[in-house]
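Keep in mind that the numbers below use all heavy atoms, side chains included, and drop hydrogens, waters and symmetry copies.
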Amino acid sequence: MLFMRLGDQLTDHFRLIDAQKAALRKLGVTTVRDLLYHFPSRYEQGGDEAQIAGLVSGQEASIIGTLEKLETKKGWKSRIPMSEGYLRDSTGRIKLRWFNQPYIAKMYADGTLVKAVGKVSGSADKIYLANPQLQKISATEAGLFGKQGAEQKLVAENGLVEPTQTVTRGPFLWQVSAPPDLFAVYPESRGITSLWFRSAIKKILEQKIEAEDSIPAPLLKKYNLPTLHTALVWAHQPKELKVAEAARKRFAFEEVFMIQLERQRERVLQSREKSFSIEATHKDISEFMAEFPFEATVAQKKAIDTILGDMRAGHPMSRLLEGDVGSGKTAVAAVAAYAAVHTRPPAQSFGTLQVAYMAPTEILAKQHFESFIKFFEHFPINIGLITGSGCYKFPSKVSGGVTNISRAQLLKWVANGEIPVLIGTHALIEKSVQFKHLALVVIDEQHRFGTSQRRKLAKKDKQLPHLLSMTATPIPRTLALTIYGDLDLTLLDEMPPGRKKIITEIVRPAERAKAYEHMRGLLKEGRQAYVICPRIDEPDPDKAFALLAKSVKAEAKRLKKDIFPEYEIDILHSKMTPKEKDAVMARFSNHEIDILVATSVVEVGVNVPNATMIMVEGAERFGLSQLHQLRGRVVRSNHQAYCFVVPESRGESTTARLKALVTAKNGFELAEQDLLQRGPGELAGRKQWGISDIGMEALKNLKLVEAARTEALELIKKDETLSRHPLLAEMVSSRAAQAHFE
């Protein structure tokens, strides 16, 4: 019997053509483990068992028969590549067709006994099965599908028994005696179909596999979770949906548990590190905040007290400050920075403690630079800005204003401590940037910034700096508990006084002209507006599915020509260079542009208080949290702001989602609704958070997340280094190595 390991490359066990290799790489499937953990996105129920002689067009059917004359050919008119052949049973034969899947003809030999599930298509005298799902079976198994078929009992470890499937398990062995009645449908890529996944996974499940269960046995028993062996069979070859759901619950728990172990271990180890003890007096902080052009909210004051308490303790703070756009996160960060730079450095050292403030884009970095200049106007310190396009310092020794300086000069002053606050993009963690006493790192909209990145910033200093991470992205509670398990959370759930609630409306096709007139009225009052489109360019005309999505370039031309010829319109999108983006934003900020047509690149950091209206085209293409952030671009002043969302489709699900945007009280509530309403595949889990679809689905279950978190904490308390759990240690280290700096 063939012996496999989970870490084996698929090419060691499967013959793959180049197109299949490329498709699997695109899906992130390169090893045996990757394949087994590539779970179905849904399951399709086979039709009623039938014989060929009684089939009619339009019927869903399951047929037992043998394959004949499989061949690859092209459609007579369409020239679409396809596989064709026949299925024969005791009553006759029927043609089989697979469109755009020519390789299927090479996968089965004539005479192979299969169960074929599909829809009968064609005219009454020329019926065929369209894209049928095939499952190889043995002659003995074929009898199980008849009405008189003998029932078989499922032998499993934890009490979930099914009468029609047998699983035999040795130490590392799965054997399935009957094919499933449900057909798994997998996430696919061009060149790889669900049929290939089912066939390949069946082959693996029939082999001897070296696979130790990563979840400790007591936890499996405590939460009634199936073992790894059983769960893999139930996930890929279920007889009923309830066993597939039990398997998915187990793998969801496993993923969240591994993330929690990683976060909690990092948290424990970090708590033993030393950091600068920042001792700013209450009098100093009060004097600094007294110069704000506004009264700090109660939420801001609570956040400041908490942060100052963390930094006073002498251990590295790790805190996430979460708050809606306009809730005042930057002001809180400025107070923390002031406290740091007004604390004495270590004995026998010159200069002050330093602060690094990192932003994701040059636009946002420059905005924070300008904000800090205003915050420190009455407490002048040297504030530096470093981006890919230039370096600046405030105040100038000559004029007291902002001075453009060389990169070399800026780095010299940072290294010797003359510049206490340095603001920038990812350029801050380059090797050339050396700090003398880095005490605080502020990260804006960086969703994962761990100890290793802090060490890069701290350079050769023995002490880790404090970390204040900030986000305006509304995060569901379960996601925050999971992804930010190593951080303490603080919410700014209060907006500054006088800030009007934004008016949000869903615009139907017949109401578009009315929306434009409303925009025109605001423009006449001297306000500005955003129009957001899902794409940059017009799509390829051959790709009809994409024609509905409005593009930035075409929409800007249409608005200028047909709707607002009297107003200045420009565009902003991600393919523009930083210099081009900055130039456009500078013109928009100076009111040289009335309407800015853009992609979601304006989602983070663009701050133009005079812009009080935003219209989002193709609104259903954006997540609720993303729409909330886009809407936040126009709540930067005390003027009444408006958000018009314009959907392309009018389905019930679209309407329900967008109504939630209208009725939700804040971004936190909206994030919870977004998670519940949208499918896990729509939440960009893997791309944004490093969580699989099955893991994102689990985040809808607060009890599961809290259970995984509790168990991880308990285990780390007893075994901090996981030395008594080598498999867990290996998996946690593997996850940490794969984590990337965004």
Side-chain angles (χ1 to χ4, degrees), residues 324-326 495 498-534 548-572 584-585 587-600 602-603 606-622 624 626-650 654-655 657-665 667 670:
D324 275 346
V325 172
M495 296 297 282
R499 192 69 54 89
K500 295 184 176 71
K501 181 177 173 59
I502 189 169
I503 295 174
T504 303
E505 296 181 10
I506 301 171
V507 177
R508 313 294 178 190
E511 301 167 334
R512 184 180 286 275
K514 183 180 176 182
Y516 285 147
E517 281 310 303
H518 190 105
M519 185 182 292
R520 190 184 307 278
L522 292 176
L523 294 173
K524 285 181 179 178
E525 292 176 7
R527 305 285 167 250
Q528 294 163 273
Y530 298 98
V531 175
I532 307 300
C533 297
L548 282 174
K550 285 183 176 289
S551 73
V552 166
K553 294 179 180 178
E555 186 66 3
K557 290 179 182 177
R558 187 186 74 83
L559 290 174
K560 181 65 177 176
K561 179 183 176 184
D562 301 331
I563 312 297
F564 300 109
E566 70 272 36
Y567 290 105
E568 187 66 27
I569 299 174
D570 210 336
I571 64 174
L572 183 74
V584 170
M585 284 313 305
R587 292 182 63 224
F588 192 52
S589 297
N590 295 331
H591 204 164
E592 297 170 28
I593 298 169
D594 299 296
I595 301 172
L596 184 63
V597 185
T599 59
S600 59
V602 302
E603 177 185 347
V606 178
N607 181 13
V608 181
N610 193 54
T612 58
M613 182 174 181
I614 186 166
M615 178 179 281
V616 185
E617 300 282 357
E620 71 272 41
R621 294 174 181 266
F622 301 93
L624 285 177
Q626 190 176 26
L627 287 171
H628 180 67
Q629 278 202 298
L630 287 168
R631 178 171 64 178
R633 295 304 105 210
V634 293
V635 290
R636 292 292 192 168
S637 70
N638 288 334
H639 297 295
Q640 180 61 61
Y642 300 87
C643 174
F644 289 172
V645 289
V646 189
E648 294 163 2
S649 61
R650 285 174 283 176
T654 294
T655 302
R657 286 185 60 244
L658 295 182
K659 279 185 177 178
L661 183 71
V662 175
T663 59
K665 297 183 180 70
L670 204 57

Can you confirm whether [X] sits close enough to [Y] that some side-chain heavy atom of one is under 4.5 Å from a side-chain heavy atom of the other?
| X | Y | answer |
| --- | --- | --- |
| H639 | E525 | no |
| R633 | V608 | no |
| F622 | I532 | yes |
| E511 | H518 | no |
| L658 | L627 | yes |

Checklist entry - So D570 and F588, side-chain contact (heavy atoms from CB on, under 4.5 Å) or not? Walk me through it. => result CA-CA 9 Å; D570 210 336; F588 192 52; over 6 Å; no
Item to check | Ion pair K514/E517, N-O distance below 4.0 Å | outcome: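 E517 and K514: not salt-bridged.
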Quick one: [atom1] on [X] to [atom2] on [Y], what's the gap to the nearest 0.5 Å?
| X | Y | atom1 | atom2 | value |
| --- | --- | --- | --- | --- |
| M615 | F644 | CE | CZ | 6.5 Å |
| I571 | L596 | CD1 | CG | 9.0 Å |
| M585 | I593 | CE | CD1 | 8.0 Å |
| M519 | L559 | CE | CG | 7.5 Å |
| L523 | D594 | CG | CG | 6.0 Å |

Which pair of non-hydrogen atoms, one from [X] and one from [Y], has the smallest distance, and what is that distance?
| X | Y | answer |
| --- | --- | --- |
| M613 | A515 | CE-O, 3.9 Å |
| C533 | V597 | SG-CG1, 4.1 Å |
| A598 | V552 | C-CG2, 3.5 Å |
| F564 | I595 | CD1-CD1, 3.5 Å |
| S600 | L630 | CA-CD2, 4.1 Å |

Checklist entry - Can you check side-chain contact (heavy atoms from CB on, under 4.5 Å) on I563 and R558, steps first, answer last? => result CA-CA 7 Å; I563 312 297; R558 187 186 74 83; 4.0 Å; yes
Do side-chain atoms of [X] reach the backbone of [Y] as a donor and acceptor pair under 3.5 angstrom?
| X | Y | value |
| --- | --- | --- |
| E620 | E648 | yes |
| Q640 | K501 | yes |
| K560 | Y567 | yes |

Checklist entry - Passes side-chain contact (heavy atoms from CB on, under 4.5 Å), Q528 versus H591? Steps please. => result CA-CA 8 Å; Q528 294 163 273; H591 204 164; 3.5 Å; yes
Next on the checklist: Does either side chain, that of Y516 or that of R520, offer a donor lying less than 3.5 Å from an acceptor on the other one?
Outcome noted: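 Per modelled atom types, Y516 and R520 side chains form no pair under 3.5 Å.
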Item to check | Test log, rule side-chain contact (heavy atoms from CB on, under 4.5 Å), inputs L661 and R631 | outcome: CA-CA 10 Å; L661 183 71; R631 178 171 64 178; 3.8 Å; yes
